[in-house]
Protein chains: 2
Amino acid sequence: MTKYQMVKQAIKSKILNGTYLPNEKISSENSLMKEYGVSRHTIRMAIGELVNEGWLYREQGAGTFCSDRLQTEAAPQKQSKTIAIITTYISNYIFPSIIRGAESYLSDQGYQVSIFSTNNDIESEKRILETILSQHVDGIIIEPTKSAYSNPNINYYLNLERTNIPYIMINAFYDELEPLCLVVDDEKGGFLQTEHLIKQGHKKIIGFFKTDDAQGVKRMKGYIKAHRANQITIDPNYIVTYQSEEKETKPLAELERLLTNEQSIATGIVCYNDELAIKLLDVLREKNLHVPNDISMVSFDDSFLAVVSEVKLTTIRHPQNQMGEDAAKMMVELVEEKHANKKKDIVLNSVTYEPELIIRQSTKHQGVPETN
Amino acid sequence: MTKYQMVKQAIKSKILNGTYLPNEKISSENSLMKEYGVSRHTIRMAIGELVNEGWLYREQGAGTFCSDRLQTEAAPQKQSKTIAIITTYISNYIFPSIIRGAESYLSDQGYQVSIFSTNNDIESEKRILETILSQHVDGIIIEPTKSAYSNPNINYYLNLERTNIPYIMINAFYDELEPLCLVVDDEKGGFLQTEHLIKQGHKKIIGFFKTDDAQGVKRMKGYIKAHRANQITIDPNYIVTYQSEEKETKPLAELERLLTNEQSIATGIVCYNDELAIKLLDVLREKNLHVPNDISMVSFDDSFLAVVSEVKLTTIRHPQNQMGEDAAKMMVELVEEKHANKKKDIVLNSVTYEPELIIRQSTKHQGVPETN
DNA sequence: TCCGATTTGTTCGTATGTATG
DNA sequence: GCATACATACGAACAAATCGG
């Protein structure tokens, strides 16, 4: 922050907190010089910008005065830029962290952040996109809804491109659009999850995958690849897929079913995410199965939920905050590039985060006797 | 006409008559000095005003360029109303739920929702209030920062009132302002927590309270009152207070200290919230103490964290979603009432939510033998 | 009505920092 | 690495407007 910007900020504070009241004369340039210990030129630059922005007005020979903003309320206000963040959920799980990462950066840059949640519902996504297209929004960071399927709202995205509103997708993307996006390498993540268990001697591994989002489909692909790479055949019964709406019921029931089915007992579980893992842990406890002694479990996302239970989960790291912040930075570049109507040559590229296995206590070698 | 105005006029002419084409670099400040025979400062003033008016843009190291005015001439967009939600945190704990409650209602009503987080830092709160006052915002739902202390940003709140921007406080409020607010009856909540343990025969009860927020102070008051009402004396060592910044360390260390101190072992714990309770559970596990067999624990907020561990927590209900939604409804009423400048007779009142104890498995009668 | 003190407006000179090509 | 160009900062001087006595 430069000197004149600091002075400007300080003066602005005094306007905003009521130290300088409307139409009141503020200190003279000379006194401000002494007060802030800077040259008159610096004071004049600070005041100059505030005058330009409408906070103050000057009268030669008389002084500088605080404007009365209330009247100008009618006039079109200097509008700060707004970025919309659309996620499937805003109150659950890792989404708050992603939002926070973006929010903190955007706020620092003077952007306003509006949030919307689709609840993973296509209709809701449509309504939100309509809202955004009819309001004034400068950019959109969006986690696509039901990304595993082709999207009937595709027109809205094309319309965004036509009206020159930049958008960035996070976590997943619609294949048809080939948008700028930030995603975890979910296939590799699924591979790492499964490989970890296989290396520990597990051969019967149940996989739970939410397949209405692209993430789940890709993680499942990794799960299958890991089996193939190690020449282990997969019992088709051991792949459990579910939709968002079923997440509270189906996977739990399926696990229970698989556990009561006496023959061929699984020794490992690959879990779509920590959220599900925590719920599955409840089922296992009820069956008096101990993790990891009786069954190992690998999860995904390394959210706060991973360390919240008595069993600290082995899981794949999801960048969360970082992803939000990176998306925000990218968005700011896009918006500023558009604003300054020259063509910067910088090319923005999509980002794929490398998955990384965080080993905790929910997995152990198959066949090793219990330690306590 | 001053020199710099003449220079400005001359340059503007060259833009208008096409001597300088869009995105073309104009002469450097140095050459303009010679061309017009004035000092560099004068040139800078002329160019400065043209930049402010949007005719030119500057790039450090590269030059000054002519803007392409045609695109930016975009039509004034229709403006929808904006509500700002300011909470201490946005990614943690119950705050996402509160935000979600407000967001879903406001979105339905066609409002735009902007979010900000203070991280419970006064300076940050100040910056956010300044941002909001300088942007266009129609209403504010705010969770006050460090609400147990008197607030140095009080001026900004008064300024909000002066500029007629309605605000509602949630979770806590600054006493001096007597604002519209929605809060849980924290004192009664603390009372219920403690009374529950006392009724189960517990007499040595440790209380953990975060005392930089008004909530913690009030819950502590309830804890003390419950002891008094039952004529139980409190060992001062059993009251542990901490600040937001210490939440990861101090209460955990204090619990450990209290547990290693052999004499007079506590049998119950009253916890500021679920978030802390989960962390204390880790400490207890390490000490091989079982909840509730060895020690009972009552928590606060009934967040998702209450049922996430192997011990499902007995806790006090916090309305979360409901509070957010109620705040949103109230805000919409305020904004519309202000908009339609007739005085509706409806009087909006602050809301106090009755605390309610949710009994789960983290508490049991003192002295009853273990069941398994 | 004028004077003089005060305050903002304009202009010049100089120096150093930092980004660009 | 170097020259160029813009960014920030200090100092000085004089002009023009205002305002109280």
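Residue numbers begin at 1 in each chain, while the letters A, B, ... track the order of the sequences.
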Between [atom2] of [N] and [atom1] of [X], the distance in whole Å:
X: Gln60(B); N: dA19(C); atom1: CD; atom2: P; answer: 6 Å
X: Lys25(A); N: dT18(D); atom1: NZ; atom2: P; answer: 14 Å
X: Met45(B); N: dA7(D); atom1: CE; atom2: P; answer: 15 Å
X: Phe65(B); N: dA5(D); atom1: CZ; atom2: P; answer: 11 Å
X: Arg58(A); N: dG9(C); atom1: CZ; atom2: C1'; answer: 8 Å
X: Ile26(B); N: dA5(D); atom1: CD1; atom2: P; answer: 12 Å
X: Met1(A); N: dA7(D); atom1: CE; atom2: C1'; answer: 16 Å
X: Tyr57(A); N: dT8(C); atom1: OH; atom2: P; answer: 13 Å

Is the closest side-chain heavy-atom distance between Glu49(B) and Tyr4(B) below 4.5 Å?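 Counting from C-beta outward, Glu49(B) and Tyr4(B) do come under 4.5 Å.
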With heavy-atom distances below 4.5 Å as the criterion, would you say the side chains of Phe65(B) and Leu56(B) are in contact?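 No; the side chains remain at least 4.5 Å from each other.
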If you assign each of Thr2(A) and Ala62(A) to its closest nucleotide in DNA chain D, which residue comes earlier from the 5' end?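 So the residue in question is Thr2(A).
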Could [X] and [Y] be called an ion pair, given the rule that one side-chain N must be under 4.0 Å from one carboxylate O?
X: Lys14(A); Y: Glu130(B); result: no
X: Lys8(A); Y: Glu53(A); result: yes
X: Lys329(A); Y: Glu333(A); result: no

May I ask you to decide if Phe173(A)'s main-chain N or O and Ser147(A)'s side chain share a donor-acceptor pair within less than 3.5 Å?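 No, the answer is negative, given that no donor and acceptor are paired below the 3.5 Å cut-off.
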Under 4.0 Å: is that the gap between some side-chain N or O of Lys3(B) and OP1 or OP2 of dC12(C)?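 Yes, within the criterion.
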Counting just side-chain N and O atoms, does Thr64(A) come under 4.0 Å of either OP1 or OP2 of dT7(C)?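 Indeed not, no polar side-chain atom of Thr64(A) lies that close.
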Nearest-neighbour nucleotide for the Tyr4(B) side chain, dT11(C), dT8(D), dC10(D) considered: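 The answer is dT11(C).
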Of residues 29-44 of chain A, the positions that come close to DNA chain D - non-hydrogen atoms, cut-off under 4.0 Å: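 Within residues 29-44 of chain A, the residues near DNA chain D are Val38(A), Ser39(A), Arg40(A), His41(A), Thr42(A).
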Side-chain H-bond candidate by donor/acceptor type, Tyr157(A) with Asn151(A), under 3.5 Å: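 Distance-only check fails for Tyr157(A) and Asn151(A).
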